[in-house]
Amino acid sequence: MADDKKLTTRAADFSAWYNEVVLKGELADYSPVRGCMVIRPRGYGIWERMQHQLDTMFKDTGHENAYFPMLIPESFLHKEAEHVEGFAPELAVVTHGGGKKLEEPLVIRPTSETIIYAMYAKWVQSYRDLPILINQWANVVRWEMRTRLFLRTLEFLWQEGHTAHATHDEAEEETRKMLGVYRDFMEGWMAMPVVTGIKTESEKFAGALRTYSCEGMMQDNKALQAGTSHNLGQNFSKAFELKFQTEAGGIEHAWNTSWGVSTRLIGGLVMTHGDDKGLRTPPLLAPIEIVIVPIWRAEEDKGRVKAAAHMVKESLLAWERRVPGRLRVHVDDRDGIKPGAKYYEWELRGIPLRMELGPRDIDSNQAVLVRRDTGEKRSVSLSSVGEEAADLLHLIQESMLIDARERREQNSIRGGITYDRFREVMAGTGAFVYAGWCGDEKCAAAIKEETKATIRVLPDEEFRSAEPPKTCLKCGGASIAEALWAKAY
RNA sequence: CGGGACGUAGCGCAGCCCGGUAGCGCACCUGAAUGGGGUUCAGGGGGUCGCGGGUUCAAAUCCCGCCGUCCCGACCA
C-alpha cells in the first residue's frame with residue numbers, strides 16, 4: 001500500500017525554527033507597525049535576483065511593466081460582487097486627506113484588478129488594441145489577523161500581471177502559460193518543486209472564473225501556495241465596461257487574466273531548503289555563490305595568502321560559465337576572526353560554495369571546495385578551479401531540486417488511503433494526499449474541521465497517480481474530482 | 001476578536017513570588033597575542049526595565065488600564 005511508507009518531517013516546533021533562520025540569517029525584521037516587515041539587505045539580495053529573473057521571464061513572454069496608483073476609490077471595489085465580498089474584511093481605508101474628511105474613502109490596494117481594468121477600459125476601443133499584457137511590481141496591503149515574516153504580512157511586495165484578451169481561449173492560454181512560467185521559476189531557480197493545478201470553487205480568487213496555483217511542500221509537510229494565476233473571464237470587464245469592437249463589427253467585453261507571486265517566495269525558500277545550520281540558497285539565487293576564506297597561521301603568511309585569494313577570485317571572475325553572467329565571488333579576508341567562525345557565518349547565510357585557501361594549498365597549487373548543501377569537501381587544482389566551481393554550482397542547483405522533490409514524494413500518499421488513516425497522518429506528520437472528492441462542500445468542510453486539511457488543488461498530470469481515485473475520501477461516494485489534500489499555510 | 005505565554009542593553013535571558021543603588025552570556029569598542037571548524041587575556045561603552053496611571057518614604061518588582069510580540073482557534077498570497 002502506498003500509505004505504508006515512513007513519512008518524515010522536521011522538528012515539531014517548526015515555527016520557532018523558521019523565525020530563527022529568518023532572523024538570525026538577517027533576512028528580515030519586524031517594523032514598528034504591527035504585522036509589517038522590513039526586508040534586510042540579505043533578504044532583499046535574494047529577492048532582487050528573484051525579481052530580475054521573473055522580470056526577464058515576463059518580458060520573454062511579451063509583457064511590459066507599468067505602474068498604477070496605490071489608492072483606489074472605495075466604490076471601485078464594489079463593482080464586482082464576489083471581489084468586494086472576498087476583500088472587504090481585510091481592507092485598509094484612508095478616510096482623511098489634507099486635514100479633511102474625504103467625500104469618498106480611498107482603499108489602499110489589496111490587489112489592483114479594479115484600478116487597472118478601469119484604466120484598460122479607457123485604453124481599449126478595438127480588437128486591434130488587444131491583447132494588453134502588463135505587469136506591475138508593487139506593494140499591497142491586506143489587514144490580516146495573524147502575520148508571519150515573509151509568509152503573511154499586512155503589507156507585502158509582489159508582482160501582479162494583468163492582461164486583457166479578445167477571446168476566452170486566449171485568456172485561458174495566457175493563464176496556463178503564466179502558471180507554467182511560475183513553475184519553471186520555482187523549480188528551475190528556487191529548486192522548489194511545486195504541484196500545479198486548479199483551485200476548487202471555494203478556494204478560487206474572489207472574482208475569478210478559474211484559479212490555478214503552484215503548491216510547494218515545506219519541511220513540516222504543510223503546503224505553501226507560492227503563486228496563483230487567474231482566468232477572470234469577463235467578470236471585471238463587465239464591471240468596468242472594458243469593451244471592444246470586434247473584427248466583424250460587434251461590441252464585446254474583453255477577457256482578463258491576473259497572476260502574482262510575492263516576497264512570500266523567500267519564506268518558501270527558507271522552509272524548503274533551510275537546515276539547522278541556517279539558510280541554504282540555490283546557486284542561481286545566491287547573491288554570493290562562492291566565498292573564499294583565506295587561512296594563515298603565521299603572520300608572514302597572511303599577506304601572500306590574502307593576495308592569492310584575490311588572485312583566485314580574479315581567475316573565477318574571468319571564467320566563462322555556461323549560464324549568462326559572471327560567477328559571484330567574495331573574499332572574506334577579515335582580520336581578527338578565525339576561519340571556523342567565518343565558516344559558520346557563511347553557512348548561516350546559505351552561500352552555496354566555500355573555498356578554503358591556506359599556505360599548504362597554495363604551495364601545492366590547490367584549494368578546498370566545500371558544498372553548503374551536503375557539506376562535502378573536495379580538493380581541486382587552482383589551474384582548473386573555475387571549471388570545477390562552475391560544475392559544482394550547477395550540480396548543487398540540480399541536487400537541491402532533486403532532494404526537495406524526493407522529500408515531497410516520500411511524504412506524499414497516492415491512492416488507497418482510508419479516512420481513518422488520513423486522519424492519523426494529518427494529526428501526525430502531515431502529507432500530500434492524492435484522493436477523491438465527491439464534490440460536496442459539506443464533505444470538504446467536515447474534513448477541514450476534523451483534520452485541518454483542505455483541497456490545495458486538483459493537480460495537473462505530473463502529480464497524479466496512474467490509477468485515479470474512484471471514491472470520496474470522506475463519504476465514500478463517487479469521486480468527481482481528484483484532489484490534493486494537505487494542511488496549508 | 002476569543003484562549004495561553006511573554007515584553008529588562010543590538011540579540012538571548014536572570015532579577016519580580018518576598019519593593020531598597022539594574023545584572024549575566026553573546027555581540028560591540030581599545031590593546032596584545034592567536035589563526036586548516038565558533039580564539040584567549042586585560043580594559044571599556046551601552047538600558048526612560050513596552051507605554052500610562054495608581055499604592056508606597058521608595059516600584060523592573062504590587063494593583064489597574066493600554067500597546068506590542070509569539071503560540072493555539074476564526075481569516076489568508
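The residue A:Val368 sits close to a base: some heavy atom pair falls under 4.0 Å. Residue A:Asp361 is classed as a base contact, given a heavy-atom separation below 4.0 Å to a base. Looking at heavy-atom distances under 4.0 Å, A:Pro89 makes no contact with the nucleic acid at all. No engagement by A:Leu265 is indicated, since no non-hydrogen atom pair under 4.0 Å with the nucleic acid exists. A:Gly35 comes within 4.0 angstrom of the backbone, heavy atoms only, and of no base. Looking at heavy-atom distances under 4.0 Å, A:Thr211 makes no contact with the nucleic acid at all. A:Gly227 comes within 4.0 angstrom of nothing in the nucleic acid, heavy atoms only. Using a 4.0 Å heavy-atom distance criterion, A:Lys377 is classed as a base contact. Residue contacts for A:Glu347: at a heavy-atom cut-off of 4.0 Å it reaches a base atom on one of the strands shown. Within 4.0 Å of A:Gly358, counting heavy atoms only, lies at least one base atom of the nucleic acid. Contact annotation for A:Glu356: base contact, defined as any heavy-atom pair under 4.0 Å involving a base atom. In this structure, A:Ser262 reaches the bases: a heavy-atom distance under 4.0 Å links it to at least one base atom across the strands shown.
The side chain of A:Arg148 places an N or O atom within less than 4.0 Å of a non-bridging phosphate oxygen (OP1 or OP2) of B:C71. Between B:C75 and A:Lys448, a contact under 4.0 Å exists linking OP1 or OP2 to a side-chain N or O.
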message: Applying ring-ring contact (aromatic ring centres under 6.0 Å, His included) to A:Trp47 and A:Phe150, what does each step give before you reach the verdict?
response: CA-CA 11 Å; A:Trp47 175 249; A:Phe150 288 117; 9.0 Å; no
field: Pair A:Arg349-A:Glu26, salt bridge (Lys or Arg N to Asp or Glu O under 4.0 Å): steps then yes or no
entry: CA-CA 8 Å; A:Arg349 289 179 59 175; A:Glu26 294 181 20; over 6 Å; no
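Mapped onto RNA chain B by nearest heavy atom, A:Gly86 and A:Lys24 fall at different nucleotides, with A:Lys24 at the one closer to the 5' end.
Base pairing of B:G46: no nucleotide in any strand meets the Watson-Crick or G-U wobble criterion (both distances under 3.5 Å). Applying the Watson-Crick and G-U wobble criteria (two distances, each under 3.5 Å), B:C6 pairs with B:G68. Nucleotide B:A27 has no partner under the Watson-Crick or G-U criteria, as no pair reaches both atom distances under 3.5 Å. B:U21 is unpaired under the criterion used here, namely a Watson-Crick or G-U wobble arrangement in which both key atom distances are under 3.5 Å. Pair check for B:C1 finds B:G73; Watson-Crick or G-U wobble, both atom distances under 3.5 Å. Shown here, B:U61 forms no base pair; nothing in the strands shown gives a Watson-Crick or G-U wobble contact with both key distances under 3.5 Å. Look at B:A32: its Watson-Crick or wobble partner, with both distances under 3.5 angstrom, is B:U40. Across all strands shown, B:C16 remains unpaired; no Watson-Crick or G-U wobble contact has both distances below 3.5 Å.
Taking atom CG on A:Asp335 and atom P on B:G31, their separation rounds to 13 Å, with Å as the unit. Between A:Ile337 atom CD1 and B:G37 atom P the separation is 16 Å, expressed in whole Å. Straight-line distance from the CG atom of A:Asp276 to the P atom of B:G37: 21 Å, rounded to whole Å. Rounded to whole angstrom, the span from the CD atom of A:Glu144 across to the P atom of B:A77 amounts to 7 Å. What separates OH of A:Tyr344 from P of B:G37 is a distance of 10 Å, to the nearest Å. Look at CZ on A:Arg109: it is 15 Å from C1' on B:A77, rounded to the nearest Å. Counting to the nearest Å, the C1' atom of B:A74 and the NZ atom of A:Lys452 are 11 Å from each other. Across the protein-nucleic acid pair, A:Glu155 atom CD and B:A77 atom P stand 17 Å apart, rounded to whole Å.
In this structure, A:His63 and A:Phe58 have perpendicular ring planes: the angle between them is above 60°, well past the 30° mark. Under the 30°/60° scheme for interplanar angles, the aromatic rings of A:Phe240 and A:Phe236 are found to lie parallel. Relative ring orientation between A:Phe156 and A:Trp158 is described as perpendicular, the plane-to-plane angle rising above 60° on a 0-90° scale split at 30° and 60°.
Looking at A:Arg354, its side chain comes within 3.5 Å of the base of B:G37 through a donor and an acceptor atom.
Atom C1' of B:A59 sits at a distance of 16 Å from the matching atom of B:G50, rounded to the whole Å. A gap of 9 Å separates the P atoms of B:G20 and B:C16, to the nearest Å. With P as the reference atom, B:G23 and B:G65 are 32 Å apart, rounded to whole Å. Here the separation of B:A14 from B:U61, taken at their C1' atoms, is 13 Å to the nearest Å. B:G25 and B:G44 have their P atoms separated by 14 Å, with the value rounded to a whole Å. Nucleotides B:C51 and B:C17 have their C1' atoms positioned 24 Å apart, rounded to a whole Å. Taking atom C1' on both nucleotides, B:A5 is separated from B:A9 by 23 Å, rounded to a whole Å. Straight-line distance between the P atoms of B:G3 and B:C24: roughly 39 Å, to the nearest whole Å.
Comparing B:G38, B:C70, B:G35 by their closest approach to the side chain of A:Ala341 singles out B:G38. In this structure, of B:G35, B:G36, B:C1, it is B:G36 that holds the atom nearest to the side chain of A:Pro359. With distances taken from any side-chain atom of A:Arg146 to the nucleotides B:U39, B:A77, B:C72, the minimum falls on B:C72. For A:Trp296, counting side-chain heavy atoms from C-beta on, the closest listed nucleotide (B:G35, B:G37, B:C75) is B:G35. Closest contact between the side chain of A:Asn19 and the listed nucleotides B:C75, B:C70, B:G37 involves B:C70. Proximity note for A:Arg264 (side chain, C-beta onward) versus B:A77, B:C71, B:G36: the nearest is B:A77. Here the nucleotide nearest the side chain of A:Lys338, chosen from B:A77, B:G38, B:U39, is B:U39.
Side-chain N or O atoms of A:Glu144 include none that pairs as donor or acceptor with a backbone N or O of A:Leu154 at under 3.5 Å.
Under the rule for a side-chain contact (heavy atoms from CB on, under 4.5 Å), the partners of A:Asp60 that lie at least two apart in sequence or sit in another chain are A:Thr56.
Cation-pi geometry between A:Arg10 and A:Trp17 is satisfied (NZ or CZ under 6.0 Å from the ring centre, within 45° of the ring normal).
In terms of heavy-atom proximity, A:Glu215 sits nearest to A:Ala223 at OE1-CB, 3.8 Å.
Look at A:Trp158 and the base of B:A77; the rings do not stack under the cut-offs of 5.5 Å between centres and 30° between planes.
Centroid-to-centroid, the aromatic rings of A:His162 and A:Trp259 stay 6.0 Å apart or farther.
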